[in-house]
Amino acid sequence: MSAAADRPTSTLLVIHRLAELAALVRASPGLHVRWSEGPVQDAERTSIDTESGLRLPGLSVNPLDAESWWTRPLEDWLARQLSQYRHLQDENPDHFAWVLRGELAGRGPDCEPLLSNPEAIAILDEQLLQEAEDR
């Protein structure tokens, strides 16, 4: 059994492969990934800018839709997006990657999207994250 299946969000879809995530992103544009303790904990808060201490108007996320200039396979884009932020889980083992959608509430200090009214879609399994890193 995967670690994702043990999380309190176990009723969510668990995605095990990059191809599955790519299919979801193609079918449902506007999805994002977030690394945190999960949607249950995030429902009670927004992100905070660690340098200023200011509360942000939404959750800090990263887009899963590829930019229009991206000409390589979507799976390569997803692997890049996921690998770039995997360190967040390494730094805090209670954090995991999950997919969500929401309303754009602004941009964070690093120009990342901030989402309000988040809707949890899926959890990304460790197997998928390893596949992304290997790719």
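One-based numbering along the sequence shown.
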*Provide the closest heavy-atom pair for Gly30 versus Arg101 in the form atom of the first, atom of the second, distance.*
O-CB, 4.1 Å
*Any idea which heavy atoms bring Glu112 and Ser60 closest together, and the distance?*
CG-OG, 3.2 Å
*To the nearest 0.5 Å, how far apart are CG in Leu82 and CG in Leu78?*
6.5 Å
*Is Asp42 close to Trp98 at the side-chain level, that is, under 4.5 Å between some pair of heavy atoms?*
yes
*Tell me, with the steps shown, if Glu103 and Asn117 meet side chain to side chain donor-acceptor pair (under 3.5 Å).*
CA-CA 6 Å; Glu103 298 171 26; Asn117 301 317; 3.0 Å; yes
*asked:* Taking the side chain as everything from C-beta on, heavy atoms only, tell me whether Asp65 gets closer than 4.5 Å to Leu31.
replied: no
*asked:* More than 12 heavy atoms of other residues, nucleotides or ligands under 6.0 Å from CZ of Arg45: yes or no?
replied: yes
*Measure the CG-CG distance between Leu21 and Leu74 for me, rounded to the nearest 0.5 Å.*
7.5 Å
*Determine the minimum heavy-atom distance between Thr46 and Leu56, stating which atoms define it.*
OG1-O, 2.9 Å
_Residue from Ile123, Leu13, Val61, Ile121 passing side-chain contact (heavy atoms from CB on, under 4.5 Å) with Val99_ = Ile121
*Return yes when atom CZ of Arg107 has more than 12 non-hydrogen atoms of other residues, nucleotides or ligands closer than 6.0 Å, and no otherwise.*
yes
*Roughly how far, to the nearest 0.5 Å, is the CG atom of Leu115 from the CG atom of Leu100?*
5.5 Å
*Mind listing the closest non-hydrogen atom pair of Pro109 and Asp49 along with its distance?*
CG-OD1, 3.4 Å
*asked:* Just so I know, are the side chains of Leu12 and Pro39 near enough to count as touching, which here means a heavy-atom distance under 4.5 Å?
replied: yes
*Report the distance from atom CD of Glu131 to atom CG of Leu18, rounding to the nearest 0.5 Å.*
4.0 Å
*asked:* To the closest 0.5 Å, what do you measure between CD (Gln81) and OG (Ser83)?
replied: 9.5 Å
*Linked, directly or transitively: Leu59 and Leu54 (ILVMFWY side chains, under 4.5 Å)*: no
_Heavy-atom check, side chain of Ser47 versus side chain of Arg34, under 4.5 Å_ = yes
*Could you tell me whether the side chain of Leu128 reaches within less than 4.5 Å of the side chain of His16, counting heavy atoms only?*
no
*Atom of Phe96, atom of Glu37 and distance for their closest heavy-atom approach*: CE2-O, 3.2 Å
*Can you name the nearest heavy-atom pair linking Leu114 to Pro57, along with the distance?*
CD1-CD, 3.6 Å
